[in-house]
Amino acid sequence: MPSPFSRLSPALEPHTQLAEPSFDTKRHVTYWLRCLKTFLPNVYTANDSNRMTFAFFVVSALDLLDCLVPHTTAAEREGYAQWIYHCQHPAGGFRAFPGTDFGDRRSAQNECWDPANLPATYFALATLLVLGDDLERVKRRECLAWLAKLQRPDGGFGETLVNGRIEGGSDTRFGYCATGVRWILRGTVEGPVEGVEDVNVDQFVQCVSLSETYDGGISDAPFHEAHAGFTYCAISALSFVDRLPHGAKTYDQNAREDDRPLAGLSDLHATIRWLASRQTATLDDDDEVDTNGDETDTPSTCHDAHTFVRLRGFPSEQGEQSYKERPTSHLDLQWAGFNGRCNKLADTCYAFWVGASLDVLHKAPIASRPRSRRYLLDRTQHPAGGFAKHPGDPPDIYHSYLGLAALALMREPALKPLDAVMCVSVAARRCVDGLRWRRSIVGEGGGGRGEEGEEGKGEGVTKGTERTEGTEARGGESRPAAPSSAGTTASASDGFAYMAISGG
Amino acid sequence: MPKYAEDPAWEDVVPIPQDDGGPNPLAAIAYTEEYSEAMSYLRAVMANNEMSERVLDLTEDIINMNPAHYTVWLYRAKVLFEIDADLRAETEWVNKTAFRHLKNYQIWHHRQLIVDKLGSAEGEADFIARMFEKDAKNYHVWSYRQWLVRRFDLWEDGELEAVEELLKKDVRNNSAWNHRWFLVFGKDQDGAMKDKAVTDREIEYAKAAIEKAPQNQSPWNYLRGILRLSAQPLSTVKAFASRYASLDDADSVNSSHALDLLADIFAQEEGAEEEARQALSLLAERYDPIRANYWNYRASLLNGSAGEAKAKGQSAAA
């Protein structure tokens, strides 16, 4: 265990140049093309019921890498769209996988076991958009009518409708997918559209507010622990229904508040503090370190003490001088990922959940992007392409996609810019505005998410920050590459649903 | 190796193979024959709404391979209730399955259905304790535990003591801190926040934990949460926070969270912007440089800062 005394402040760091890590485009392209064109390894059977979500990851990853069109034919892309439409439910919405389809043995008596699935419906629509489909074949009215029926009296949404009962959890993941579907199919217009009832937006906003926690984060249900995945889903859902608080619309907190309908996030400052607190240099179990000898730590505990830099402990000025001359573990502060909950380890996916949350709130510059980038590229990027959950793990589709998405948010040059709310490329998100049928619903300029200046948000700050951080002091300690474990075999390590609940 | 096709017990069933929708399926998985076959039989019995003992075996088979299947669990629950199966045996089986699939969501919902029907939380505390031995921060287990407390009115049933035990083992277990909050404030938050005896007790509890590990954010968050929701000014803990961070002795800060709190306290104090700025700059430059951008952002919000222009300048100087 490293001594806490070995921590130095950046002011004392030796000013030597640390090689900036590089994004290995070619290997990522190889990884994702393999996911698209060959069977996923058998280990993904545990996620068979999440196939639509994985379809989204695969197609959207290739789009972010800007190699979907170059590496597939128009006929293939139409074939992928047909597969998605094959999963469209006769009564609206989409199945999450073909495995529940009874074919010609489907009847009124057994259809309850073959319901449409809410996350699958969002990911199906998003994937179709990425594929360049115009959504003309989507049963839009049926889908929206079904969506309204998935809303519970408390305002939250369930996952499926089985025998008239709303099944599945009641957390913000479903709220995210529901508001996403609604936004794609009918923009931010409130009230009935084309004779189809709207969901109750006020009630939904209320429901999100009740899941805010005492520390400023958001959980899956009232009084549950704050979690970055649920926090992202809640914030983005509020963006989809244009109910973010005014302070979230600009980096400038002195801007004037205007009159708005009921907005979510009762304490924006607390939420921003909670999000900022997620960045951590505690990347694996070896990073645990005491700040005080008398603390009641257990070896299996990780905590944020690691990122705390204290000077007092130097035994002497001499000792301090000697540390000045050589690289020590303080360098670890140059690699900082994000955790999903307080006092947990960093995990690739939270670089997206947290980074994107801040981005949606127009506060992206608050995270240290260079540190996050180094963490992703040096620690969890896999030599065979893709990203792992933790350093040394094999890559899997879920973490690989969110690693890419996190980098795309940080404007990684090899990647297309990302729309933080939809989690697709900005280019794919723009396709929504171009849909002819949608214009007649939302109007020519409507259906936005109340976002102004989307392109340049916080840009000035970001650039200034990155430049400066880029010249921060470093030493020459070379980082070991992530060990190759499974090689080309991806692993659905979590058995997670479409968004890891328990990661990190 | 066909399992069901050669089993006489299943010979009456006509399996429904999967139609994967044309030549370009997405996220196609290299299914084993075993899985494909079991799924074909599952579709067949579901299509017939069969409620039988053998369906339980089949759903168990599927769940072992694909625990995230969202209707197989609902179907299994329906069968259990329809054929009046032994629900105690079911919880035994769920126990085993939970250990194999620690991060599966559906299993917890299923457990809730069964235990709700059984009408008793007997044995659940032991089960949870064993789950916590594997991972004391498992989100599903904590959520389930909250449900148990509400469903069986276990508020006063040794829960607080159990949490204290977990916090003794690991004072940084934020899930345990959150559960404590739930136990104290979950029944009637507004009422509890008005009860000075309760908030004082909880503030003291948080302070004692901070004393043990000042750089542990969990109790600082707990403390701030109580102050915010009981509308007590942050300044009431100024002296306490100063024990771990002081601008007068900037070399011996023992907690970045104390410094953070002091920065907020100074920011609210008349004429103390300079102190707030100093605290934030100590955080940005010395004690928590990872979050330098955040601390500089906070400085940009102080009175006398010119909003965005200032924030830009300060971030650039970070």
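These numbers come from the heavy atoms of this one structure, side chains and all, not from hydrogens, waters or symmetry mates. Note that the structure is a prediction, hence the values are computed from the model and not measured.
With a 4.5 Å cut-off on non-hydrogen atoms, Ala44(B) touches chain A through its backbone and its side chain both. Residue Ala221(A): no heavy atom, backbone or side chain, is found under 4.5 Å from chain B. Using a 4.5 Å cut-off between heavy atoms, Val45(B) makes no contact with chain A at all. The contact between Gln109(A) and chain B is made by backbone and side chain atoms together, counting heavy-atom distances below 4.5 Å. Only the side chain of Ile84(A) comes within contact range of chain B, with heavy atoms under 4.5 Å apart. For a residue to count as touching a neighbouring chain, one of its non-hydrogen atoms must lie under 4.5 Å from one of that chain's; by this rule Met46(B) touches chain A with backbone and side chain alike. Of the two parts of Asp264(B), only the side chain, counted from C-beta on, holds a non-hydrogen atom closer than 4.5 Å to a non-hydrogen atom of chain A. Residue contact with chain A, scored on non-hydrogen atoms closer than 4.5 Å, involves the side chain of Arg150(B) exclusively. For Trp177(B), the parts sitting under 4.5 Å from any heavy atom of chain A are the backbone and the side chain alike. Only the side chain of Asp260(B) comes within contact range of chain A, with at least one heavy atom under 4.5 Å from a heavy atom of that chain. Only the side chain of Arg228(B) comes within less than 4.5 Å of a heavy atom in chain A; its backbone stays farther off.
Minimum interatomic distance between Ile290(B) and Thr280(A) (heavy atoms only, all atoms of both residues): CD1-C, 4.5 Å. Nearest approach of Ala68(B) to Asn50(A), heavy atoms of both residues: CB-ND2, 4.2 Å. Of all non-hydrogen atoms in Pro25(B) and Arg51(A), the two that sit nearest each other are CB-NH2, 3.8 Å. Taking each heavy atom of Ala30(B) and Asn42(A) in turn, the nearest pair found is O-ND2, 3.2 Å. Taking each heavy atom of Gln217(B) and Cys342(A) in turn, the nearest pair found is CB-SG, 4.0 Å. Taking both residues in full, the closest heavy atoms of Gln18(B) and Pro98(A) are given as NE2-CG, 3.9 Å, listed atom of the first, atom of the second, then distance.
Between chain A and the residues Trp220(B), Tyr75(B), Phe182(B), Trp142(B), the most heavy-atom pairs under 4.5 angstrom are made by Tyr75(B). If you tally non-hydrogen atom pairs under 4.5 Å between each of Asp114(A), Asn110(A), Asp101(A) and chain B, the highest count goes to Asn110(A). Highest contact tally toward chain B, considering only Thr127(A), Val58(A), Asp267(A), Thr38(A), is held by Asp267(A) [criterion: heavy-atom pairs under 4.5 Å]. For the set Ala27(B), Pro23(B), Gly225(B), the entry with the most heavy-atom pairs within less than 4.5 Å of chain A is Ala27(B). Of all the listed residues (Gly103(A), Gly169(A), Cys87(A)), the one sharing the greatest number of non-hydrogen pairs under 4.5 Å with chain B is Gly169(A). Each of Phe97(A), Trp274(A), Tyr80(A) has some count of heavy-atom pairs under 4.5 Å with chain B, and the biggest count is that of Tyr80(A). Note on Met65(B), Lys78(B), His109(B): by heavy-atom pairs under 4.5 Å with chain A, the leading option is Met65(B). If you tally non-hydrogen atom pairs under 4.5 Å between each of Ser218(B), Gly22(B), Gly186(B) and chain A, the highest count goes to Gly186(B).
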Notebook entry, point to check: Going through the checks in order, is the side chain to side chain contact (heavy atoms under 4.5 Å, CB included) test met by Gln189(B) and Tyr214(A)?
Noted result: CA-CA 11 Å; Gln189(B) 180 157 304; Tyr214(A) 63 86; over 6 Å; no
Next item on the list: Could you walk me through whether Phe54(A) and Ile29(B) pass the side chain to side chain contact (heavy atoms under 4.5 Å, CB included) test, one step at a time?
Entry: CA-CA 11 Å; Phe54(A) 281 75; Ile29(B) 297 163; over 6 Å; no
Item checked: Candidate pair Arg273(A) and Tyr294(B), rule side chain to side chain contact (heavy atoms under 4.5 Å, CB included), full reasoning -> CA-CA 8 Å; Arg273(A) 174 206 307 281; Tyr294(B) 172 65; 3.2 Å; yes
Notebook entry, point to check: Yes or no on side chain to side chain contact (heavy atoms under 4.5 Å, CB included) for Thr160(A) and Thr71(B), after CA distance, side-chain angles and deciding distance?
Noted result: CA-CA 9 Å; Thr160(A) 54; Thr71(B) 48; 5.8 Å; no
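Of the possible polar contacts, none joining the Asn343(A) side chain to the Asn173(B) backbone as a donor-acceptor pair under 3.5 Å is found. A donor-acceptor pair under 3.5 Å is absent between the side-chain atoms of Arg224(B) and the main chain of Asp215(A), judged by distance alone. Under a 3.5 Å cut-off, the side chain of Gln146(B) and the backbone N or O of Phe223(A) do form a donor-acceptor pair. Using modelled atom types, one side-chain atom of Asn293(B) and one backbone atom of Pro365(A) make a donor-acceptor pair closer than 3.5 Å.
Arg77(A) places none of its side-chain heavy atoms less than 4.5 Å from the side chain of Asn24(B). You'll find the side chain of Leu74(B) stays beyond 4.5 Å of the side chain of Arg165(A), heavy atoms only. The side-chain heavy atoms of Pro289(B) and Arg371(A), taken from C-beta on, include a pair separated by under 4.5 Å. Side-chain contact between Leu26(B) and Leu36(A): present, with at least one pair of heavy atoms (C-beta onward) separated by less than 4.5 Å.
Side chains of Tyr35(B) and Asp48(A): a donor on one and an acceptor on the other come within 3.5 Å. For the residue pair Asn178(B)/Thr213(A), the side-chain donor-acceptor check at 3.5 Å is not satisfied.
The distance from atom CG of Asn49(B) to atom OG of Ser107(A), rounded to the nearest 0.5 Å, is 7.5 Å. The line from CD of Glu167(A) to CH2 of Trp73(B) is 14.0 Å long, rounded to the nearest 0.5 Å.
Of the candidates Glu225(A), Arg341(A), Lys344(A), Asn174(B) forms a side chain to side chain donor-acceptor pair (under 3.5 Å) with just one, namely Glu225(A).
The aromatic rings of His224(A) and Tyr139(B) sit perpendicular to each other, their planes meeting at more than 60°, with 30° as the lower class boundary.
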